[in-house]
Amino acid sequence: MQAFSVALGKVIKPYNRPMGGVLGIKIGWMCDLDKSWDLCLPSYSFTRLDGVSAKSNVSPGYNFRFARYFKSANGSEFRTLVKAYGIRVDVLVYGNAGKFNIIPTLINTVAAFTSVGVGTVLCDIILLNFLKGADQYKAKKFEEVSDETPTLGSQMYKSDQTLAGRADEKRSTDSGAFSIGL
């Protein structure tokens with residue numbers, strides 16, 4: 001409270017006549033919650049919000065007018081115009097607090113890696129080098145293909161399927177393609 005009265009005096013005092021004012025108090029909290037709560041202290045700043053200058057002296061400060069209406073004993077009406085001065089205080093509290101947590105960090109990191117395609121490369125590295133069945137994975141992933149082109153009558157182009165239907169027994173090499181068998 002003492003900081004408020006000192007700030008109010010500094011902001012309002014330079015003006016010799018009564019005119020009120022609008023005082024802005026900004027309270028900023030910047031806290032690192034990984035550290036002690038004792039280190040999480042606010043910072044205060046005070047400023048005059050109403051425009052007081054030599055150029056615009058129409059009605060400086062914070063003031064307003066209101067009238068009180070009365071009737072005299074003889075029945076005539078009269079009014080008293082009052083110009084009231086006041087101090088309005090606007091308080092703005094802002095801040096930022098954060099605490100490190102490994103779970104959101106890991107989730108965001110993995111999401112970033114998978115969005116750029118690094119996830120598949122990382123999985124391949126792990127599967128090809130560090131698992132027990134790495135040889136089987138390598139054999140399936142990197143099938144050897146010969147450079148020789150097969151001849152037209154070779155076994156590769158023959159199909160066990162006919163127009164009448166499939167052979168009785170399915171094989172693991174059956175791709176499901178249907179051939180007329182010319």
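All heavy atoms count here, side chains included; hydrogens, waters and symmetry mates do not.
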Provide the closest heavy-atom pair for [X] versus [Y] in the form atom of the first, atom of the second, distance.
X	Y	value
Lys71	Phe78	C-CE2, 4.1 Å
Asp32	Gly98	OD1-O, 3.6 Å
Tyr69	Arg79	CD2-CB, 3.7 Å
Cys40	Trp29	O-CZ3, 3.5 Å
Thr105	Asn101	OG1-O, 2.9 Å
Leu128	Lys138	O-CE, 3.0 Å

Taking a hydrophobic cluster as the set of Ile, Leu, Val, Met, Phe, Trp and Tyr residues connected by side-chain heavy atoms closer than 4.5 Å, whether directly or through intermediates, do [X] and [Y] fall within one such cluster?
X	Y	answer
Phe64	Tyr85	no
Val91	Tyr44	yes
Leu41	Tyr94	no
Met30	Ile27	no
Phe46	Val89	yes

Could you check Val110, Thr109, Ile103 and say which one makes a side-chain contact (heavy atoms from CB on, under 4.5 Å) with Ile107?
Ile103

With sequence neighbours excluded, residues passing disulfide bond (SG atoms under 2.5 Å apart) with Cys123:
none

To the nearest 0.5 Å, what is the distance between [atom1] ([X]) and [atom2] ([Y])?
X	Y	atom1	atom2	result
Leu23	Ile87	CG	CD1	8.0 Å
Leu33	Phe100	CG	CZ	14.0 Å
Arg68	Thr80	CZ	OG1	8.5 Å

Short side-chain to backbone donor-acceptor contact, Asp90 and Val22, under 3.5 Å
no

Hey, mind stepping through Asp124 and Lys141 against side chain to side chain contact (heavy atoms under 4.5 Å, CB included) and telling me if it holds?
CA-CA 10 Å; Asp124 275 347; Lys141 182 167 176 72; 3.2 Å; yes

